[in-house]
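Computed over heavy atoms, backbone and side chain alike; hydrogens, waters and symmetry mates excluded. Each chain gets a letter, A, B and so on, in the order its sequence line appears, and its residues count up from 1.
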Number of protein chains: 2
Amino acid sequence: MPSDATLDGSKQCPIGRAAGCGAGRRCPMSPRTYEAGAMLCGESSAAERLWYVQHGSVALFRETGDQRGAGVPWAVRRPGQLVGDECLVQEGYSDTAVALTQVTLCVASRDSFNQWIDNVGVVASRAVMGLVISARCADGPRPTSAEGSAVRRVARWLADEARDGRAPEMPRGVVAGLLGMLPETFSRALSRLSVMGAIKSTRREIRVVDADVLMAVAAE
Amino acid sequence: MPSDATLDGSKQCPIGRAAGCGAGRRCPMSPRTYEAGAMLCGESSAAERLWYVQHGSVALFRETGDQRGAGVPWAVRRPGQLVGDECLVQEGYSDTAVALTQVTLCVASRDSFNQWIDNVGVVASRAVMGLVISARCADGPRPTSAEGSAVRRVARWLADEARDGRAPEMPRGVVAGLLGMLPETFSRALSRLSVMGAIKSTRREIRVVDADVLMAVAAE
DNA sequence: CGTCGTCTTGATCTTTCTCAACCTGTGTGG
DNA sequence: CCACACAGGTTGAGAAAGATCAAGACGACG
């Protein structure tokens, strides 16, 4: 997919629009595809690149203290959001970013991106500012057990995230982490919701079959 | 405190620096003081102002679904960070912001701030961009019970946040929320740490008396 | 001095974490 | 093409942690 594949008016990405791709200017970022599971950057490693998500989703993990290997997933970046934008203000990445699905990302190096901002001016930095602010607002706090039982949190997540009665496809361990629970607990909550008739859950997908029941559990 | 109280070189705030206060230009934000407990803005109410924290700290609360009144505290804004910057990109605030201590904030209306950015140009929007990005990176995910016991999380928080052996002064209920536990649980954890001899805790302050013990519990 | 909000303490019960075994779909190599 | 190994997911039994409910203590403030 060439970088000018997004030229058509309103569907153009904010970076491309700020760059004036429509007017024949070059976008500072170039598209690339990664497989699911690919690690884009590691927490506290040298921050040299940033990405704009075109398609797919990317999970952000952060170590909590001196924890063991993996860290906890705490946010997901979706199409229209930036990943690794902290490279613009600091030397190391704040999070480990991993592709949850196959993703199409536009990449830029920090230096070229900074140059681009300086060349284009306020329109560019405003565009980046807007992206960063909206991404942060979209990050809700991870819920804890004080915010309702595991079943309820899962029900609420399904109610919020399901499109066409299908939950987003991402590893269950990641979802569990985002919801502040262990994979086992998440799995048990799905079983309970299945028994209640709210959902049908197989190993590879979760379908909502009775939204009313789901909402009832979520509200409870 | 007049807005040019921060003129002295490196201690000048990023907004003032971008505005060129040193060169006699006017800062777009004007300082103001609020008492502890003052609510700056309410979640989803009309977003018309943003603040820069000069002194003190501000807690951000967000409703989790259809929860009861208060919502959960999930982040703290400290000196050098912005509050309510989402007004630049959306109509309603994402969080309820409450002053935790007496605070000195610089305020600006959305419109005047936007005008200022357009007048000053890329230097201004870059400064805002930097502030927003670093604030977001500073927000860690709220821990849950999977990330260690309550005592351990409290120990870690004390180890991270205590200055001169004193924990930051803020309501215990807020700290509990940030640590993903109930006020009762937080209080019990403090008792345990007191018994271990790591801290001395009264109703109005928490002092670290044995950092080694504290670190041992935190690492565990 | 009395009231109120916040914090603490206590007893009990539910939840979920823990540890372990097992299942299942995927990919690999013979 | 099949057997196998592997990662991710599920299920189960048990224990420990934290939530809940309730009452009391302390400090702030009028």
Trainee: Between P on C/dT8 and CG on B/Leu182, what's the gap in Å once rounded to a whole number?
Mentor: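 The distance from CG of B/Leu182 to P of C/dT8 comes to 14 Å, rounded to the nearest Å.
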
Trainee: Taking only Lys NZ, Arg NE, NH1 and NH2, and the carboxylate oxygens of Asp or Glu, determine whether A/Arg142 and B/Glu147 approach each other closer than 4.0 Å.
Mentor: yes

Trainee: Between the protein and nucleotides 7-14 of chain D, which nitrogen or oxygen pairs come in under 3.5 angstrom?
Mentor:
{"from": "D/dG8", "atom 1": "N2", "to": "A/Arg203", "atom 2": "NH1", "distance (Å)": "2.7"}
{"from": "D/dG9", "atom 1": "OP1", "to": "A/Arg172", "atom 2": "N", "distance (Å)": "2.8"}
{"from": "D/dG9", "atom 1": "OP2", "to": "A/Gly173", "atom 2": "N", "distance (Å)": "3.4"}
{"from": "D/dT10", "atom 1": "OP1", "to": "A/Arg172", "atom 2": "NH1", "distance (Å)": "2.5"}
{"from": "D/dT10", "atom 1": "OP2", "to": "A/Ser187", "atom 2": "OG", "distance (Å)": "3.3"}
{"from": "D/dT10", "atom 1": "O5'", "to": "A/Ser187", "atom 2": "OG", "distance (Å)": "3.2"}
{"from": "D/dT11", "atom 1": "OP2", "to": "A/Ser191", "atom 2": "OG", "distance (Å)": "2.8"}
{"from": "D/dG12", "atom 1": "N7", "to": "A/Arg188", "atom 2": "NH1", "distance (Å)": "2.8"}
{"from": "D/dG12", "atom 1": "O6", "to": "A/Arg188", "atom 2": "NH2", "distance (Å)": "3.0"}

Trainee: Are the charged groups of B/Arg62 and B/Glu86 less than 4.0 angstrom apart, N to O?
Mentor: no

Trainee: Is the phosphate of C/dT26 approached by A/Arg204 (side-chain N or O, under 4.0 Å from OP1 or OP2)?
Mentor: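 Looking at the OP1 and OP2 atoms of C/dT26, one of them is under 4.0 Å from a side-chain N or O of A/Arg204.
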
Trainee: Should A/Arg136 and B/Asp85 count as an ion pair when the cut-off is N to O under 4.0 Å?
Mentor: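 Yes, A/Arg136 and B/Asp85 are salt-bridged.
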
Trainee: Salt-bridge test for A/Arg77 and A/Asp139: reply yes if a basic N is under 4.0 Å from a carboxylate O, no otherwise.
Mentor: yes

Trainee: Write down the distance between CZ (B/Arg152) and P (D/dA16), rounded to a whole number of angstrom.
Mentor: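 Taking atom P of D/dA16 as the reference, CZ of B/Arg152 is at 18 Å.
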
Trainee: Just wondering, do A/Tyr93 and A/Leu40 contact through their side chains at under 4.5 Å, heavy atoms?
Mentor: no

Trainee: Is A/Arg207 salt-bridged to A/Asp164, going by a charged N under 4.0 Å from an acidic O?
Mentor: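 No, this pair does not count.
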
Trainee: Between P on D/dA17 and CZ on B/Arg153, what's the gap in Å once rounded to a whole number?
Mentor: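 The distance from CZ of B/Arg153 to P of D/dA17 comes to 12 Å, rounded to the nearest Å.
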
Trainee: Could you give the CZ-to-P distance, from B/Arg192 to D/dA17, as a whole number of Å?
Mentor: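 Value for this atom pair: 7 Å.
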
Trainee: Can you tell me the distance, in whole Å, between the CD atom of A/Glu169 and the P atom of C/dG25?
Mentor: 15 Å

Trainee: Can you tell me how far P of C/dT16 sits from CE of B/Met181, to the nearest Å?
Mentor: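 Distance check: B/Met181 CE to C/dT16 P gives 17 Å.
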
Trainee: Separation of B/Leu193 atom CG from C/dT9 atom C1', in whole Å?
Mentor: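 So the two atoms are 16 Å apart, to the nearest Å.
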
